[in-house]
Amino acid sequence: MDAKKNHFSLGSNLGFVLRGVAKYGRSAYALFALNALAASLLPFVAVLLPKVLVQGLEGGAELRTLLLYTLGFVLAGMLLSGLSKLVYSLADFKLVYVRMDMYRDLCQKIMDVDYAHIEDPHYQDRVNLGNEAFGGNSVGVEGTMHLLFDNIPVLLSLVGMAALLSFLHPAVVALLVVNGLVILWLNLRARQREAGLQAPLATVRRQTEYLGNSSQDFAFGKDVRLYGVKEYLMQKFDAVLDARDRLERRIKAAQLPRILTEGGFTLLREGVVYGYLIYLILQGRMALSDFAMYFAAVASFSQGLQTLLGSLTQLLVELRKVDEVHAIMVEPMEDQGDVEPPKDGPIGIELEHVSFAYPGGKTVLHDLNLCIKPGEKLAIVGLNGAGKTTLVKLLTRLYEPTQGRILLNGKPAAQMPKQAYFRLFSAVFQEIKVFAFTLAENIAMLPKRELDMERVRRAAVLAGIDKKAQSLPEGYDSLMLKFLDLHGVELSGGENQRLALARALYKDGPILVLDEPTAALDPLAEYDMYQRLAQMTEGKTSIFISHRLSSPRFCDRILLLEEGRVVEEGSHEELLRRGGKYAELFNVQAQYYKEDARNAG
């Protein structure tokens with residue numbers, strides 16, 4: 001696979017990180033500036049001390065004088081080191097908070113992006129790459145901050161050392177710099193080869209994470225044990241780990257030539273420079289004290305240059321990780337409509353020549369023309385795979401039509417701000433998600449201090465979840481799930497559906513959409529639920545999705561969807577009288593229910 005093309009230049013990504021520091025930890029700049037001053041002076045203590053001591057010995061200085069010199073330099077070093085460590089620890093603390101605040105921004109942005117992105121595996125890989133940029137103190141966003149701020153004192157020290165070594169000979173500085181640049185070039189070449197493997201590596205990491213979660217998530221526990229799927233999961237796990245191992249080996253192979261060549265150039269550099277110093281001392285052209293100083297300066301410069309160039313190479317790697325975060329954060333939001341959504345009264349919905357196809361897939365809905373009257377109760381039925389859930393996602397604008405348009409009270413839905421549009425809908429979907437909130441907060445989808453408790457209870461009673469709430473130790477304040485509390489409550493499938501229905505009733509949007517809201521209930525309980533829904537939804541435009549044809553008979557109109565097309569339309573009685581596909585499916589299901597009832601008796 002080719003290397004992933006960066007969205008932004010490295011300088012732009014660096015600016016993105018620095019803006020984050022300015023936004024969430026501005027005082028870190030002053031702290032790192034103070035650290036840079038103290039830490040950049042520290043190497044000169046180690047370089048000048050040998051010169052002073054040797055010079056003192058050559059000049060016949062007393063032991064006491066030499067000890068005082070040593071003590072002075074040691075105290076200076078301790079002072080600079082202590083100051084550097086103190087301010088660095090304070091600045092480092094700030095950077096952790098900067099990283100977490102920027103990660104919070106990423107999470108918020110992902111919750112705001114178009115829903116279709118969330119289901120896209122390519123976008124999921126991008127999010128995984130973005131999350132890697134917040135994976136620790138030394139990677140991505142915080143890694144960039146450390147690599148930048150930590151190396152400012154190294155750079156300042158190098159400039160000072162270069163000025164000192166230029167008195168020895170300008171060619172020495174040139175040799176050290178050129179040698180370092182060659183090593184930098186080798187590092188960049190190796191990193192470039194590695195960058196081409198990051199995208200497939202992100203995919204493999206996502207697969208590894210899924211398989212790991214599947215093996216540990218108790219939601220899969222029953223199936224894993226009863227169906228003996230452990231061995232099959234482990235086979236898949238091994239295959240993914242093998243693929244990951246091959247990618248990691250390719251990354252290591254890309255590094256090997258660089259490591260070997262870098263070692264050779266380092267030996268060449270050290271040999272030439274130290275050889276020149278020894279030559280000068282043997283020729284009597286350099287004092288022993290100067291030899292000691294330059295010897296230490298060369299060692300300090302070489303080490304500093306190696307640190308700086310290594311950090312620069314790593315900085316480029318971390319900035320590439322930041323690139324995906326930067327790209328996600330600056331992507332424009334798709335909520336720029338200027339048409340005011342309807343506010344009061346029942347809402348009518350029209351679909352004009354609406355078609356939909358998933359990216360790279362076949363068309364799921366074909367040229368639908370549909371008018372839902374204000375306040376009408378419409379049932380959309382059909383077998384699994386007919387396109388019912390996709391239609392719901394189009395109506396709620398989680399997806400946008402590939403062709404055609406949707407109108408609310410005659411106004412184009414696509415031109416309405418999405419957040420305002422979403423507020424119109426109370427929806428229950430097939431895949432019900434319970435949050436690690438309290439039961440009341442799960443119903444209201446608001447923090448406790450903001451919700452209306454009477455309204456919560458009223459919705460719970462209507463949805464049939466109130467008795468369950470009363471049976472819990474903390475009532476409506478009981479925490480759901482065990483992620484945040486070991487004593488969290490796990491509801492049954494039917495109870496989860498009633499909770500989701502209570503959530504929709506609490507919101508009380510003018511359009512009610514229920515996608516298989518009773519799939520976990522038995523037919524009699526489902527029938528009872530729909531009868532109550534018929535009373536609850538008076539005055540609302542209501543859309544009921546089901547593959548069971550017996551339940552939504554109370555609806556004003558029923559559409560039978562098949563392979564993404566409306567094949568029949570009418571009331572329950574009208575469709576039975578026609579004796580078409582609907583009647584055929586209804587009679588088959590009715591026979592099944594009769595047999596089931598006889599067997600139960």
Side-chain angles (χ1 to χ4, degrees), residues 346-352 354 364-395 427-430 464 494 497 501 504 511-601:
I347 296 174
I349 306 173
E350 292 180 68
L351 278 72
E352 295 182 349
V354 169
V364 180
L365 297 174
H366 304 268
D367 195 32
L368 291 183
N369 290 283
L370 174 62
C371 180
I372 305 173
K373 299 175 184 176
E376 182 179 16
K377 296 180 180 64
L378 177 73
I380 302 174
V381 299
L383 299 178
N384 291 334
K388 305 185 298 298
T389 296
T390 302
L391 179 56
V392 166
K393 290 178 178 177
L394 287 174
L395 290 172
V428 176
F429 296 102
Q430 287 186 49
Q497 287 197 314
L501 180 59
I511 304 174
L512 182 65
V513 178
L514 304 177
D515 184 6
E516 304 279 12
T518 57
L521 303 178
D522 61 70
L524 292 178
E526 179 188 42
Y527 180 78
D528 175 67
M529 176 67 75
Y530 272 120
Q531 292 303 309
R532 286 197 286 168
L533 285 173
Q535 301 171 5
M536 298 176 205
T537 56
E538 286 299 325
K540 294 182 182 294
T541 303
S542 306
I543 302 164
F544 301 88
I545 308 295
S546 181
H547 67 278
R548 294 176 180 172
L549 278 62
S550 58
S551 299
R553 288 182 289 181
F554 66 88
C555 290
D556 303 316
R557 188 160 47 115
I558 298 173
L559 302 181
L560 177 62
L561 207 61
E562 186 175 59
E563 295 183 354
R565 293 181 173 86
V566 176
V567 293
E568 290 187 22
E569 177 182 351
S571 68
H572 176 71
E573 292 75 15
E574 290 171 348
L575 292 172
L576 287 182
R577 285 197 299 269
R578 290 178 195 169
K581 187 74 172 179
Y582 178 90
E584 177 186 345
L585 292 173
F586 178 82
N587 290 327
V588 169
Q589 290 187 4
Q591 183 64 32
Y592 169 78
Y593 292 142
K594 289 176 184 177
E595 292 177 0
D596 194 40
R598 283 199 299 270
N599 293 335

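FYI, the numbering just counts along the sequence from 1. Only heavy atoms go into these numbers, but all of them, side chains included; no hydrogens, no water, no symmetry mates.
- Separating the OG atom in Ser542 from the NZ atom in Lys377 is a distance of 5.5 Å, to the nearest 0.5 Å.
- Surrounding CD of Glu563 are at most 12 heavy atoms belonging to other residues, nucleotides or ligands under 6.0 Å away.
- If you run side-chain contact (heavy atoms from CB on, under 4.5 Å) between Leu395 and each of Ile543, Ile511, Val354, only Ile543 comes through.
- Under the 3.5 Å distance criterion, the side-chain polar atoms of Thr541 are matched with a main-chain donor or acceptor of Gly375.
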Query - Full working for side-chain contact (heavy atoms from CB on, under 4.5 Å) between Leu585 and Leu560 - result: CA-CA 10 Å; Leu585 292 173; Leu560 177 62; 4.2 Å; yes
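- Annotation: the span from Glu569 atom CD to Leu370 atom CG amounts to 7.0 Å, rounded to 0.5 Å.
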Requested in this report: Before giving the answer on salt bridge (Lys or Arg N to Asp or Glu O under 4.0 Å), spell out for Glu376 and Arg557 the whole-Å C-alpha distance, their side-chain angles and the decisive distance to 0.1 Å.
Outcome: CA-CA 8 Å; Glu376 182 179 16; Arg557 188 160 47 115; 2.7 Å; yes
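- Nearest heavy-atom pair across Gly387 and Leu365 is O-CD2, 3.7 Å.
- When each of His572, Glu568, Glu562 is paired with Tyr582, the side chain to side chain donor-acceptor pair (under 3.5 Å) condition holds for His572 and for no other.
- The two residues Pro346 and Gly539 come nearest to each other via the heavy atoms CG-O, 3.5 Å.
- Every residue two or more places apart in sequence or in another chain that forms a side chain to side chain contact (heavy atoms under 4.5 Å, CB included) with Arg565 is listed here: His366.
- Between Asp515 atom CG and Ile545 atom CD1 the span is 5.5 Å, to the nearest 0.5 Å.
- The shortest side-chain heavy-atom distance between Asp367 and Asn369 falls under the 4.5 Å cut-off.
- Of the possible donor and acceptor atoms, none in the side chain of Lys393 sits under 3.5 Å from a partner among the backbone N and O of Lys388.
- The closest side-chain heavy-atom distance from Leu394 to Leu351 is not below 4.5 Å.
- The two residues Leu575 and Ala583 come nearest to each other via the heavy atoms O-CB, 3.9 Å.
- Put simply, the side chain of Val513 does not reach to within 4.5 Å of the side chain of Val428, judged on heavy atoms.
- Counting only heavy atoms from C-beta outward, the side chains of Leu559 and Val567 never approach each other to under 4.5 Å.
- Between Leu378 and Phe544, the closest side-chain pair of non-hydrogen atoms is not below 4.5 Å.
- The backbone N or O of Gly494 sits nowhere less than 3.5 Å from a side-chain atom of Gln497 that would complete a donor-acceptor pair.
- Applying the side chain to side chain contact (heavy atoms under 4.5 Å, CB included) test to Glu584 and every residue at least two apart in sequence or in another chain returns Lys581.
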Requested in this report: Kindly determine whether Leu561 and Val566 satisfy side-chain contact (heavy atoms from CB on, under 4.5 Å), including the steps that lead there.
Outcome: CA-CA 5 Å; Leu561 207 61; Val566 176; 3.8 Å; yes
